[in-house]
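Notes for the one structure printed next.
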Amino acid sequence: EGVSRVRQIVKDLKDFSHVDEAEWQLTDIVKGIDSTLNIVHNEIKYKAVVHKKYDAIPKIECVPSQVNQVVMNLLVNASHAIEERGDITIKVSQQDEQFVCVEISDTGKGIPEDDLAHIFNPFFTTKPVGQGTGLGLSLSYSMVEKHGGELSVTSEVGVGTVFSMILPIHQQDSKLDK
């Protein structure tokens with residue numbers, strides 16, 4: 001059983017990082033999200049129950065390791081926002097003919113309105129000194145922007161936070177053959 005678990009972790013790490021594949025490709029992002037969930041499982045399991053709501057979506061043109069990195073940052077931040085025990089919900093849906101949406105919501109402490117305006121700024125963190133670099137959301141924002149997408153946040157103190165990542169299904173200038 002232990003060997004089987006280790007084998008699965010190694011497989012998930014390979015899927016997550018897409019070693020040898022830091023290029024644009026047609027990707028099943030749901031598979032990437034599930035691999036990422038397995039990798040951050042220990043970070044989340046004591047804090048939250050994860051609920052998956054996946055609609056059928058097409059494969060998208062992306063750099064899978066970057067999309068997985070964004071998902072990982074959002075999941076880890078969601079677990080850190082939950083003080084006792086809570087829920088993290090991952091919704092995947094097709095927005096329209098051109099875009100898919102990945103929403104990661106939590107029932108954590110929420111983000112004060114004054115902080116929301118700065119949440120994607122480099123080095124901005126609400127964590128105590130030494131516990132956060134303030135780069136996770138800034139890098140995530142840049143990666144999503146590089147994909148021609150959008151990363152946004154809504155939050156209510158004491159209720160929770162929702163991060164929405166909108167990604168194009170096809171890149172404007174297809175990068176698959178370059």
Side-chain angles (χ1 to χ4, degrees), residues 5-82 87-95 98-106 108 119-120 122 125 127 132-153 161-172 174-176 178:
R5 174 103 173 100
V6 168
R7 189 177 296 120
Q8 185 62 45
I9 289 170
V10 170
K11 181 186 174 305
D12 289 334
L13 281 168
K14 284 181 179 177
D15 287 347
F16 172 81
S17 63
H18 284 269
V19 180
D20 306 327
E21 298 176 14
E23 298 174 356
W24 292 88
Q25 54 189 278
L26 216 46
T27 305
D28 178 353
I29 62 168
V30 169
K31 183 178 172 192
I33 291 168
D34 283 339
S35 293
T36 305
L37 263 174
N38 286 337
I39 290 166
V40 298
H41 176 72
N42 281 343
E43 183 90 27
I44 295 173
K45 70 180 178 183
Y46 299 110
K47 290 288 200 106
V49 174
V50 175
H51 306 277
K52 301 183 210 177
K53 297 179 179 179
Y54 299 162
D55 289 350
I57 62 165
K59 290 184 176 188
I60 69 165
E61 272 183 62
C62 68
V63 179
S65 59
Q66 291 185 3
V67 173
N68 293 344
Q69 180 70 49
V70 172
V71 170
M72 184 179 79
N73 287 342
L74 297 178
L75 287 170
V76 169
N77 284 354
S79 74
H80 289 174
I82 297 169
D87 296 291
I88 295 174
T89 302
I90 305 168
K91 290 183 190 172
V92 179
S93 60
Q94 186 168 345
Q95 236 190 354
Q98 296 179 305
F99 295 94
V100 296
C101 178
V102 178
E103 256 186 25
I104 297 177
S105 59
D106 65 63
I119 205 83
F120 297 115
T125 182
K127 294 177 181 169
T133 62
L135 290 174
L137 287 176
S138 173
L139 290 172
S140 294
Y141 189 87
S142 295
M143 286 183 216
V144 173
E145 208 172 47
K146 178 183 171 189
H147 280 76
E150 189 179 297
L151 185 61
S152 60
V153 60
T161 301
V162 179
F163 280 91
S164 299
M165 174 172 55
I166 310 289
L167 293 169
I169 295 168
H170 300 286
Q171 292 297 308
Q172 214 138 20
S174 183
K175 296 168 173 79
L176 290 180
K178 295 178 181 169

[X]: side chain to side chain contact (heavy atoms under 4.5 Å, CB included) partners, not counting sequence neighbours:
{"X": "S142", "result": "none"}
{"X": "S138", "result": "P122"}
{"X": "F120", "result": "L137, Y141, L151, V153, F163"}
{"X": "H170", "result": "E61"}

Does any part of the side chain of [Y], heavy atoms only, come nearer than 4.5 Å to the side chain of [X], both counted from C-beta?
{"X": "P168", "Y": "Q98", "answer": "no"}
{"X": "V49", "Y": "I88", "answer": "no"}
{"X": "I90", "Y": "E103", "answer": "no"}
{"X": "M143", "Y": "K146", "answer": "no"}
{"X": "I60", "Y": "L26", "answer": "no"}
{"X": "P64", "Y": "Q25", "answer": "yes"}

Is there any salt bridge (charged side-chain N to carboxylate O under 4.0 Å, His left out) pair reaching into residues 40-51, and which pairs are they, with sequence neighbours excluded?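 Matches after skipping sequence neighbours: none remain.
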Say you draw a straight line from [atom1] of [X] to [atom2] of [Y]; how long is it, rounded to the nearest 0.5 Å?
{"X": "K91", "Y": "C101", "atom1": "NZ", "atom2": "SG", "result": "9.0 Å"}
{"X": "L74", "Y": "S164", "atom1": "CG", "atom2": "OG", "result": "9.5 Å"}
{"X": "N38", "Y": "H41", "atom1": "CG", "atom2": "NE2", "result": "8.0 Å"}
{"X": "S79", "Y": "I44", "atom1": "OG", "atom2": "CD1", "result": "5.5 Å"}
{"X": "D106", "Y": "N77", "atom1": "CG", "atom2": "CG", "result": "9.0 Å"}
{"X": "M72", "Y": "Q69", "atom1": "CE", "atom2": "CD", "result": "4.0 Å"}

Candidate pair Q95 and I166, rule side chain to side chain contact (heavy atoms under 4.5 Å, CB included), full reasoning: CA-CA 8 Å; Q95 236 190 354; I166 310 289; 3.4 Å; yes
Identify the two heavy atoms, one from [X] and one from [Y], that lie closest to each other, and give their separation to 0.1 Å.
{"X": "I82", "Y": "A48", "result": "CD1-CB, 3.7 Å"}
{"X": "S93", "Y": "D55", "result": "CB-OD2, 3.4 Å"}
{"X": "G32", "Y": "T36", "result": "O-OG1, 2.8 Å"}
{"X": "P58", "Y": "I169", "result": "CG-CD1, 3.7 Å"}

Start with the C-alpha gap between I104 and V162, add the side-chain angles, then the distance that decides, and say whether side chain to side chain contact (heavy atoms under 4.5 Å, CB included) holds. CA-CA 6 Å; I104 297 177; V162 179; over 6 Å; no
Just do the side chain to side chain contact (heavy atoms under 4.5 Å, CB included) check on I29 and V100 with the steps written out, would you? CA-CA 10 Å; I29 62 168; V100 296; 4.1 Å; yes
Say whether, by atom type as modelled, one donor and one acceptor occur between the side chain of Q171 and the main chain of H147 under 3.5 angstrom.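 Yes: the side chain of Q171 pairs with the backbone of H147.
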Against K52, only a single residue in L37, T89, V92, I33 fulfils side chain to side chain contact (heavy atoms under 4.5 Å, CB included); can you say which?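 Checked L37, T89, V92, I33 against K52; only one passes side chain to side chain contact (heavy atoms under 4.5 Å, CB included): L37.
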Residues in side-chain hydrogen bond (donor to acceptor under 3.5 Å, both in side chains) contact with D87, at least two apart in sequence or another chain: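 Testing D87 for side-chain hydrogen bond (donor to acceptor under 3.5 Å, both in side chains), a comparison that skips the adjacent residues, returns H51.
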Looking at residues at least two apart in the chain, or sitting in another chain, which of them share a side-chain hydrogen bond (donor to acceptor under 3.5 Å, both in side chains) with K59?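 In terms of side-chain hydrogen bond (donor to acceptor under 3.5 Å, both in side chains), with neighbours along the sequence ignored, K59 is linked to no residue.
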Residues in ring pair (Phe, Tyr, Trp, His ring centres under 6.0 Å) with F99, at least two apart?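 Checked F99 against ring pair (Phe, Tyr, Trp, His ring centres under 6.0 Å); zero matches.
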